[in-house]
There are 2 protein chains.
Amino acid sequence: MDDAVPPAAAPQRRARQPRQATTERRAEILRAAAHTFGSKGYKNGSLAEVAEQVGITHAGVLHHFGSKEQLLVEVLEFRDKEDVRDLEGQHIPDGIELFQHLVRTARMNVDRRGIVQGYTVLTGESVTEDHPARGWVTNRFTVLRGEIQAAIMEVGGGDVPQDVAAQAASAIIGVMDGLQVQWLLDDSVDLPAATKFAIEAILTAALLGTGRPHPLV
Amino acid sequence: MDDAVPPAAAPQRRARQPRQATTERRAEILRAAAHTFGSKGYKNGSLAEVAEQVGITHAGVLHHFGSKEQLLVEVLEFRDKEDVRDLEGQHIPDGIELFQHLVRTARMNVDRRGIVQGYTVLTGESVTEDHPARGWVTNRFTVLRGEIQAAIMEVGGGDVPQDVAAQAASAIIGVMDGLQVQWLLDDSVDLPAATKFAIEAILTAALLGTGRPHPLV
DNA sequence: ATTCACTTACTGACATGTAAGTAAGTTGCG
DNA sequence: CGCAACTTACTTACATGTCAGTAAGTGAAT
């Protein structure tokens with residue numbers, strides 16, 4: 001967009017690095033956008049609301065990000081980076097530690113309602129037609145499932161069939177997300193307890209195989 | 001507005017019962033609205049799109065329902081009635097049959113993608129501020145949890161503590177909803193298999209109590 | 001001196017809701 | 001029955017608001 005009408009002589013001056021304040025400014029806007037998209041959704045959240053939180057106009061936001069959709073994309077990338085940074089160099093744990101990590105995350109999420117809401121709203125919205133976050137959400141699920149499935153098979157020491165591990169991995173992610181929705185709507189749902197209970201139940205079933213005392217259907 | 005200039009004598013004439021075609025017409029509109037709100041969400045779906053599906057204008061829709069929000073409310077009520085009618089006089093099953101019913105529902109849902117998407121989108125949207133469907137969704141969760149919790153305690157024959165049954169009930173609902181989202185985004189998720197696996201796992205854990213071979217944390 | 005980070009001002013698209021009019025149906029009454 | 005009184009089911013037109021995005025300008029930092 002910047003080079004829509006380039007002069008004949010291409011200036012050799014490359015864009016020097018942005019002012020030192022700019023990077024932080026953009027991060028502020030991204031945080032504001034994450035908040036707005038989180039509480040109102042992407043479609044229903046407006047650029048004006050995002051802009052107001054950092055004290056500029058909506059056109060100022062567009063100056064930095066070009067379009068609303070690009071802003072969303074960068075919010076998602078930003079969050080990925082922050083998530084990684086929070087892990088502080090620690091690789092995502094594997095084996096049994098992964099499940100402990102998931103339960104710990106559920107406990108932490110009780111004090112991060114805004115973030116949980118943002119994730120929930122965006123995930124729900126992403127299943128609508130041509131939603132710009134669809135690819136990101138789908139990919140996130142795919143990656144997570146792969147990691148959890150691998151951890152299950154590692155813990156099981158080769159005794160867990162691949163499809164069982166895959167179903168269990170999907171179920172663990174599903175129960176975490178589904179419980180978050182219920183908790184957001186009704187505080188009486190005990191998010192950490194129910195999450196821990198369900199993950200243990202699913203993991204146990206995957207490891208013990210099909211010898212269940214109460215098979216259905 | 002009609003009575004802006006009322007004659008001195010108030011006519012006793014009351015509005016008669018609606019024409020026989022009207023009820024079906026409204027039902028058509030409700031079905032169209034369910035489709036639109038289901039695929040686009042409530043906020044993002046427009047009255048014009050709903051109207052177009054039944055061959056009238058958006059003002060015609062408002063003639064019948066007064067406001068967009070009222071239309072949504074009636075869509076939800078309509079769906080409740082249809083759900084009940086589908087059960088055809090059968091009470092919602094209790095005891096072990098309830099869980100079989102849930103697994104059967106997951107199997108049926110594979111062929112009802114639109115309905116599943118509508119439920120998913122609306123549920124996700126409902127956690128945003130002041131959403132008109134919030135009460136309906138919250139209530140639906142509360143009722144379902146109560147039924148499932150009761151069924152667990154019935155199957156367990158008094159050996160399952162109330163809080164464990166409550167956590168298991170939340171988890172079962174959560175895993176069903178969460179798996180639906182993943183399935184909508186990625187067909188490679190085996191919705192019926194994973195649902196059956198997870199429900200059996202959670203139910204088994206609830207009935208067997210805390211004697212788990214792999215406790216976390 | 002130029003580029004950056006904005007602002008102001010505006011456009012066009014689209015939203016819900018309202019007002020007023022019309023054609024067709026229904027009902028009560030003579 | 002037949003017609004007048006009235007309601008229903010719409011339509012078109014409009015009021016009003018909100019939105020993303022664009023264009024042009026300004027002042028400050030580099």
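Heavy atoms only: backbone and side chains are in, while hydrogens, waters and symmetry mates are out. Below, chain A is the first sequence line, B the second, and so on; all start at residue 1.
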(message) I want to check one thing: is the phosphate of C:dA5, taken as OP1 and OP2, less than 4.0 Å away from some side-chain N or O of A:Arg26?
(response) no
(message) Quiz question: by atom type and distance under 3.5 Å, do the side chains of A:Arg145 and B:Gln182 form a donor-acceptor pair?
(response) yes
(request) For A:Leu47 and C:dC6, give me the distance from atom CG to atom P, rounded to whole Å. (result) 15 Å
(message) Just the rounded figure in Å: distance from P of D:dA20 to CD of A:Glu69.
(response) 13 Å
(message) From C-beta outward on B:Thr57, which listed nucleotide comes closest to its side chain: D:dA23, C:dG17, D:dT12?
(response) D:dT12
(request) Using whole Å, report how far CD of A:Gln70 lies from P of D:dG21. (result) 11 Å
(message) For a quick check of understanding: with a heavy-atom distance under 4.0 Å over all strands, which category does B:His64 fall into, base, sugar-phosphate or nothing?
(response) sugar-phosphate
(message) If we ignore hydrogens and angles and just use 3.5 Å, is the side chain of B:Gln180 paired with the main-chain N or O of B:Val116 as donor and acceptor?
(response) no
(message) Any side-chain N or O of A:Arg25 below 4.0 angstrom from OP1/OP2 of C:dC6?
(response) yes
(request) Over all heavy atoms of both residues, which pair between B:Trp136 and B:Arg79 is shortest? Give the atoms and the distance, please. (result) CH2-NH2, 4.4 Å
(message) Without decimals, in angstroms, what is the distance between A:Asn44 CG and C:dC14 P?
(response) 18 Å
(request) Identify whether NZ of Lys or CZ of Arg in A:Lys196 sits under 6.0 Å from the centre of the six-membered ring of A:Phe99 and within 45° of that ring's axis. (result) no
(request) Scan B:Leu62 against the nucleic acid and name what it touches under 4.0 Å (heavy atoms): base, sugar-phosphate only, or nothing. (result) base
(message) From OH of B:Tyr42 over to C1' of C:dA15, roughly how many Å is that when rounded to an integer?
(response) 12 Å
(request) Consider the side chain of B:Ala59, meaning its heavy atoms from C-beta on, and name the nucleotide among C:dT18, D:dG21, C:dC6 that approaches it most closely. (result) C:dT18
(message) Under 6.0 Å from the ring centre and within 45 degrees of the ring axis: does the NZ or CZ of A:Lys43 meet both conditions for the six-membered ring of A:Phe37?
(response) no
(request) Send over the distance from B:Lys40 NZ to C:dC14 P, rounded to a whole Å. (result) 11 Å
(request) Mind calculating the distance between NE2 (A:His63) and P (C:dC4) to the nearest angstrom? (result) 8 Å
(request) Write down the distance between NZ (B:Lys68) and P (D:dT16), rounded to a whole number of angstrom. (result) 21 Å
(request) Output the single nucleotide from C:dT8, C:dT16, C:dC6 whose closest atom is nearest the side chain of B:Ser46. (result) C:dT16
